[in-house]
2 protein chains.
Amino acid sequence: MSLPHPNLDQINLANVLSVLGDQTRLAVVGYLARNEGVAMSCGQFSEFGSKTNLSYHLAKLREAGITRTEVSGTSRLISLRRDDLDSRFPGLLDSIITAAQELPAFERLRDEA
Amino acid sequence: MSLPHPNLDQINLANVLSVLGDQTRLAVVGYLARNEGVAMSCGQFSEFGSKTNLSYHLAKLREAGITRTEVSGTSRLISLRRDDLDSRFPGLLDSIITAAQELPAFERLRDEA
DNA sequence: TCCTTAGTTCAAAATATATTGAACTATTGA
DNA sequence: TCAATAGTTCAATATATTTTGAACTAAGGA
């Protein structure tokens, strides 16, 4: 089972940028990037906001084509749509992730590691 | 004489992305990119919106640190802050500009050229 | 079966952003 | 000096986005 996701040609640059132009969502994406390959559920992001609010932001990311959300029992497994984004907008995701690692939310995570 | 611009360390990723996450502003940036080196005044962008509305969008671009605006007589000369953006967010501007050239507003411009 | 856990949905409120026209400033050229 | 040109500012409105809590669904374990 799977939630609705845009396909490649429905992914739109202005929309991707505006969805990423938000601290909370940028933090989520940075977190996903540094844990690529590891299954991430919504709960992992609780430090970034309330449950309801994260549900909203995670839906925005999914609807913009930035993340993929798979249903697994009562959880959702969330991952970056890296290949899709790389093929649609070469270099964009990498440059954003690199820059995002300098954000305050990340300095904190890095220090904890 | 010059209008207020943020300096390098005041340029913020989330803000840059959210400012670029708008069709009109993305079109302006794409236009600046394909005319780099040529002085651009506000009037050049009239096809992207009304005078008042462009004044608003161009101010957003300037305040985010994406463009530089120099006063020259009754005109403003607008340019991309390419070096600043490249040093702050390596690769970001290029990947956005490349992707932006595929946007409808650009297909039009390209066909006219 | 019943409780818990994980997350969603809804409607309301709060906040932010975009668009408009009218009035304005500043510079330039006649 | 006067008129025209280029662009800004302001206030109003329109529109979109974010945030919240309460009520909900659906799966999993005891």
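Sequence lines set the chain letters: A, B, ... in the order given, protein chains first and strands last, and positions in each chain run from 1.
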Return the minimal non-hydrogen interatomic distance between S75(B) and S41(B), and the atom names on each side. CB-CB, 4.4 Å
Distance, rounded to the nearest Å, where Q44(A) contributes CD and dA6(C) contributes P: 11 Å
When rounded to whole Å, the CZ to P distance for the pair F48(B) and dA18(C) reads 17 Å
From CE of M40(B) across to C1' of dG7(D) the rounded distance in Å is 17 Å
Less than 4.0 Å between a side-chain N and a carboxylate O, is that true for R62(A) and E70(A)? no
Identify which one of L61(A), V29(A), N35(A) satisfies the side chain to side chain contact (heavy atoms under 4.5 Å, CB included) criterion when paired with L80(A). V29(A)
Classify T52(B) by what it touches in the nucleic acid, base, sugar-phosphate, or nothing, heavy-atom distance under 4.0 Å. base
Judged by nearest nucleotide, the residue sitting upstream toward the 5' end of DNA chain D, S72(A) or S41(B), is S41(B)
Under 4.0 Å, counting only non-hydrogen atoms across every strand here, what does T24(A) touch: a base, just sugar-phosphate, or nothing? nothing
Output the rounded distance in Å from CG (L54(A)) to C1' (dG21(D)). 15 Å
Can you see if the side chain of S55(B) gets near the phosphate of dT8(D) - specifically, an N or O under 4.0 Å from OP1 or OP2? yes
Considering only NZ, NE, NH1 and NH2 on the basic side and carboxylate oxygens on the acidic side, decide whether D94(B) and R82(B) come within less than 4.0 Å. yes
Assert: residue with more 5' nearest nucleotide on DNA chain C, out of C42(A) and K51(B), is C42(A)
Between R68(A) and D84(A), is there a side-chain N and carboxylate O pair less than 4.0 Å apart? yes
Looking at dT19(D), I'd like to know if its phosphate oxygens (OP1 or OP2) sit under 4.0 Å from a side-chain N or O belonging to H57(A). yes
Length of the line joining Y56(B):OH and dA22(C):P, which is rounded to integer Å: 21 Å
Indicate whether OP1 or OP2 belonging to dT18(D) is found under 4.0 Å from a side-chain N or O atom of K60(A). yes
Picking from dT8(C), dA18(C), dT28(C), which would you name as closest to the side chain of D22(B)? dA18(C)
d(CG, N53(B); C1', dA6(D)) in whole Å: 17 Å
Separation of L58(A) atom CG from dT9(C) atom C1', in whole Å? 15 Å
